[in-house]
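See below for the structure under consideration.
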Amino acid sequence: MVKAGATPTPVTYVSVLSACGKGGDLLLGVQVHKRVLESGVLPDLKVENALVDMYAECAEMDSARRLFDGMQVRNVVSWTSLVSGLARLGQVDHARELFDSMPERDTVSWTAMIDGYVQAARFREALEMFREMQYSNVRADEFTMVSVITACAQLGALEMGEWVRVYMSRQGIKLDVFVGNALIDMYSKCGSVERALGVFKEMHSRDKFTWTAIILGLAVNGHGEEAIDMFHRMIRVWEAPDEVTFIGVLTACTHAGLVDKGREFFRSMIHSYKIAPNVVHYGCMIDLLGRAGKITEALETIDQMPVTPNSTILGTLLAACRVHGNLDIGELVAKRLLELDPENSTVYILLSNMYAKSNRWEDVRRLRQSIMEKGIKKEPGCSLIEMNGMIHEFVAGDCSHPMSNKIYSKLENIITDLENVGYSPDITEVFVEVAEKEKQKIIYWHSEKLAISFALLSSEPNTVIRIVKNLRMCLDCHNAIKLISRLYGREVVVRDRTRFHHFRHGFCSCKDYW
DNA sequence: GTAGGGTTAG
């Protein structure tokens, strides 16, 4: 346009600056900024806003702020660009200060702030912000709901998610592709495949994200075959899968124990779909082989793959060694894992567990000693559970909950009930050097046990108990919850750090592999 | 024809 000698208008500048911001092209943005100054179109609120936003999108907050401060006239858009710019840089608290000092806030500014909390993984504050938004009588729209639903997904807050859907229909907020995709993900992360499928069916238009979300949702919740069916449907409607879709497909194969199919998908991903496998794809393959007991082949795959094995990959293999009792390779993998990640407490837990199973108590003792010497601390276990619109958090052994006394005495009753049907505590994964009795206490006070005790006290009979946990489940909790599901006739869904455990009638969907 | 906010893995 410039070469052709046409004169740009304010509209031109706004459009080009927006493109620079969205494309992250700071260099071009600065050039356009120069032309704007020479052109004499300033002052112009929209052009100045476009400049502020361009700098904010390019992470140049100082420049954005300088421009903002120099503006004669500002509006809510100018402020919002700064707020979302700061939020994008991870400076949520700073963004919040600015947000609080805004003279006026509309739907977009509230949504930017809510999403800032979501991006910073501060989901409860995101929901709190949404509540405040409603008090301020600013209407929410589809954009707002996507952020709110994402927060519910991460927290496993199904009640809140259900409330959001009612709210949406009351407010006339449409189920567009973005909202639908977020809902599918939310229901999947809450362990409710039925509801995820319900949304999927209800959606009028679907995109790559829709298909990927439902494939992943089915796969992680243990419906491997259905996930693979979905993939074939996706191909039939000519939606192109991407690298994330294949994570879902490979996860599905793992869950369904379809080793050969998994290998086939891995090959076709590379050759038919021209997608280069990354470390996560290899991780899926290691999981697939490991679960099927093909430990040697898994190790060979790691040594031959063109990407550097990370601690997740090696951890996956170590978990497989534990389940299949392959101590030789287990020791080897643990050694490599500790070279990579010396503070990784999971390694010690898995390895010690394997030694204990082989009655190598001297090795168990040696391992414990080295943990003590190195001062390695296990990340505190933490479980979330939603009850009547509130999210309750339990940390192992904590007494901060208002119902704490009741929860602990209920837990004692539960343990007695369990012992009557043959339960005995499995303390092989407790690492502190204390007396046997103390170890039992530590195990009893694991966060998921506290959460379940609270749920049995507070929820309606026969309802599903849903827990979100930050770590991998320990053997003892897994055993105990299996028994609880049978004894009290309750379905329990635990979302692990990496997978789902659906406990029903004394069995777990993971078939004791995790 | 023009300025700010949204979805999938780890």
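Proteins come first, then strands; the chains are lettered A, B, ... in the order of their sequence lines, and each starts at number 1. If you're wondering where the values come from, they're calculated on a predicted model, not measured in any experiment.
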Output side-chain donor-acceptor pairs under 3.5 Å for residues 279-289 of chain A, partner residues at least two apart or in another chain, one line each.
unit_1: A:His281; atom_1: ND1; unit_2: A:Asn278; atom_2: N; d: 3.0
unit_1: A:His281; atom_1: ND1; unit_2: A:Asn278; atom_2: OD1; d: 3.1
unit_1: A:His281; atom_1: NE2; unit_2: A:Glu243; atom_2: O; d: 2.8

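- Every pair passing salt bridge (charged side-chain N to carboxylate O under 4.0 Å, His left out) that includes a residue from residues 199-223 of chain A is listed here, sequence neighbours excluded: A:Arg165-A:Glu202, A:Lys208-A:Asp242.
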Seminar exercise, completed: 5' to 3', nucleotides 3-10 of chain B under a 4.0 Å protein heavy-atom cut-off (B base, S sugar-phosphate only, - none) gives BBBBBBBB
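- Pairs of residues two or more places apart, or lying in two chains, that qualify as ring-ring contact (aromatic ring centres under 6.0 Å, His included) and include a residue from residues 135-178 of chain A are A:Phe130-A:Tyr167, A:Trp163-A:Tyr167.
- For A:Thr80, the side-chain contact (heavy atoms from CB on, under 4.5 Å) criterion is met by A:Val76, A:Met102, A:Val108, A:Ser109, A:Ala112, not counting sequence neighbours.
- Scored by the side-chain contact (heavy atoms from CB on, under 4.5 Å) test, A:Val193 finds A:Leu197, A:Leu218, A:Asn221, A:His223 as partners (sequence neighbours excluded).
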